[in-house]
Protein chains: 2
Amino acid sequence: MSLRVQKSRTDTADRMLDLAESLVQTRGFNGFSYADIASELGVTKATLHYHFPTKAELGLRLIGRYTDVFTSALAEIDDRGDDAPHRLSAYVDIYTAVLHKQRMCLCGMLAADYATLPPPMKIALTQFFETNETWLVDVLEQGRSAGKLRFSGDPVEVARLLVSSLEGAMLVARTFGDTERFRSIAARLLNDLSPLASGQIERKPDNPAK
Amino acid sequence: MSLRVQKSRTDTADRMLDLAESLVQTRGFNGFSYADIASELGVTKATLHYHFPTKAELGLRLIGRYTDVFTSALAEIDDRGDDAPHRLSAYVDIYTAVLHKQRMCLCGMLAADYATLPPPMKIALTQFFETNETWLVDVLEQGRSAGKLRFSGDPVEVARLLVSSLEGAMLVARTFGDTERFRSIAARLLNDLSPLASGQIERKPDNPAK
DNA sequence: GTCTATAACGAGATAGAC
DNA sequence: GTCTATCTCGTTATAGAC
């Protein structure tokens with residue numbers, strides 16, 4: 001009888017994280033304050049400190065949650081059982097969804113703030129990128145073995161190229177407020193990995209209207 | 001008789017800009033303060049404000065000087081009269097030199113801070129990227145016409161891919177403190193534009209070189 | 001779990017003497 | 001051109017009441 005739903009599905013701490021995440025993704029870790037979150041949520045800064053005693057802990061929680069969500073998304077892609085090209089395309093879609101919210105990848109943004117981050121955040125941040133690269137290496141190796149992807153040399157290098165280029169493309173596209181910039185770059189990156197892509201076609205993306 | 005050298009070649013304002021530039025490139029525009037520069041230079045904050053009344057003006061001057069230096073470097077490349085592949089390689093070298101100083105590209109860093117920048121800085125920032133892209137488009141068109149570069153579609157798209165990817169590669173490489181990451185990515189980007197680069201290393205075509 | 005209140009400090013910026 | 005001194009505000013963080 002005393003059993004009840006403890007909190008609404010998005011409880012206070014989650015809403016705080018949601019807002020903090022959005023702020024970091026748009027303004028950077030040094031571009032927001034506890035006051036920003038508190039006022040937007042209609043609580044005091046002290047309440048924020050109750051849930052996240054220091055900004056360093058808040059930041060660490062942000063990276064942890066973001067990595068978890070990202071990892072889940074990768075697992076979901078794997079579950080679909082698609083071939084490598086489709087998996088890469090789905091991978092790009094994760095970035096696209098973030099950019100469409102006018103945001104930068106949380107960890108790409110934190111990479112810019114790297115020098116100013118507390119050590120625990122630095123460690124968690126590199127782990128995010130390593131997780132991404134590991135997953136991509138797996139996709140790339142499978143794809144090449146199956147003849148569905150074509151690239152030379154170490155898959156690790158290609159994985160790093162993809163992560164870096166997608167992060168950079170988000171960064172610059174956001175500056176121009178132009179998601180099309182990102183789209184065309186991502187399409188080229190994927191196209192260059194296609195066995196058919198040898199520069200032979202003049203250009204035939206899934207772009208209908210001009 | 002009253003004629004004399006007005007200031008040492010690197011005068012006060014220049015040294016302030018040098019330090020500010022370094023700070024922005026490593027910590028971001030919101031990651032440093034006037035106090036950081038003043039203490040390092042052994043002057044007071046008031047002195048800084050004499051030369052750069054507001055942080056917004058300081059930032060604007062930073063972008064202006066950085067763009068000028070960058071533009072000069074591009075002009076110098078043009079003067080060498082090399083072919084397109086060599087010009088692209090020299091372009092990458094500019095980025096490499098910055099990264100070797102453990103720094104991020106000033107404008108790549110500011111792109112992350114974009115949402116928090118004063119409007120004049122935003123405008124100057126986009127101009128930097130546009131200047132880069134314009135120069136690259138020219139190189140790409142020449143190179144393709146001369147049969148020295150191979151790529152499909154609009155050179156503008158390739159230029160955007162290059163700028164974005166190089167910026168992203170710097171960003172992530174700096175996080176890992178690993179310049180080799182950048183080097184291998186840049187090499188791949190350039191290699192993909194080479195007429196000989198068709199994944200020949202791993203493939204079986206009638207390709208001579210290995 | 002949230003509040004009021006406040007500490008302790010750093011930020012950007014200005015006034016005015018030298 | 002550089003200084004001292006100061007202002008005002010924002011920042012992270014804590015103490016203690018409710």
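Protein chains get the first letters and strands the later ones, always in sequence-line order, with residue 1 at the start of each. Just so you know, these numbers come straight off a predicted model, no measurement behind them.
Between A:I37 atom CD1 and D:dT12 atom P the separation is 9 Å, expressed in whole Å. Whole-Å rounding puts the A:F52 CZ to D:dT14 C1' distance at 18 Å. In this structure, B:K55 places its NZ atom 16 Å from P of D:dG10, rounding to the nearest Å. Spacing between atom CG of A:L58 and atom P of D:dT11 amounts to 14 Å, rounded to whole angstrom units. In this structure, the OH atom of B:Y34 is 19 Å from the P atom of C:dG10, given to the nearest Å. Atom C1' of nucleotide D:dT2 and atom CG of B:L41 are separated by 13 Å, given to the nearest angstrom. Per the geometry, CZ belonging to B:F29 stands 13 Å off C1' belonging to C:dA11, to the nearest Å.
Considering only side-chain N and O atoms, B:S33 lies under 4.0 angstrom from the phosphate OP1 or OP2 of C:dA11. Using a 4.0 Å cut-off, some side-chain N or O of A:H51 falls inside it from OP1 or OP2 of C:dT2. One finds a side-chain N or O of B:T44 lying less than 4.0 angstrom from the OP1 or OP2 phosphate oxygen of D:dC3. Considering only side-chain N and O atoms, A:T12 lies under 4.0 angstrom from the phosphate OP1 or OP2 of C:dT2. Remark: A:Y50 is in phosphate contact with C:dG1, judged by side-chain N or O atoms under 4.0 Å from OP1 or OP2.
The listed nucleotides are D:dT4, D:dA15, C:dT2; the one nearest the side chain of A:A46 is D:dA15. Out of D:dT14, C:dT4, C:dA13, the shortest distance to the side chain of A:H49 is found at D:dT14. With C:dT2, C:dT14, D:dA13 as the candidates, the nucleotide lying closest to the side chain of A:T47 is C:dT2.
At the heavy-atom level, A:F32 lies under 4.0 Å from the strands shown only through sugar-phosphate atoms.
Using bins of under 30°, 30° to 60° and over 60° for the plane-to-plane angle, the ring pair A:F29/A:F32 lands in the perpendicular bin. Note: A:F182 and A:Y95 have parallel aromatic rings, judged against thresholds of 30 and 60 degrees for the angle between ring planes.
We find that A:D178 and A:R183 are not joined by a salt bridge, their nearest charged nitrogen and carboxylate oxygen being 4.0 Å or further apart.
B:D192 and B:R150 make their closest contact through O-NH2, 3.5 Å (heavy atoms, listed as atom of the first residue, atom of the second, distance).
In terms of position along DNA chain D, the nucleotide closest to B:M16 lies nearer the 5' end than the nucleotide closest to the other residue of the pair B:K45 and B:M16.
Test A:I94, A:L99, A:V92 against A:T96 for side-chain contact (heavy atoms from CB on, under 4.5 Å) and you get one pass: A:V92.
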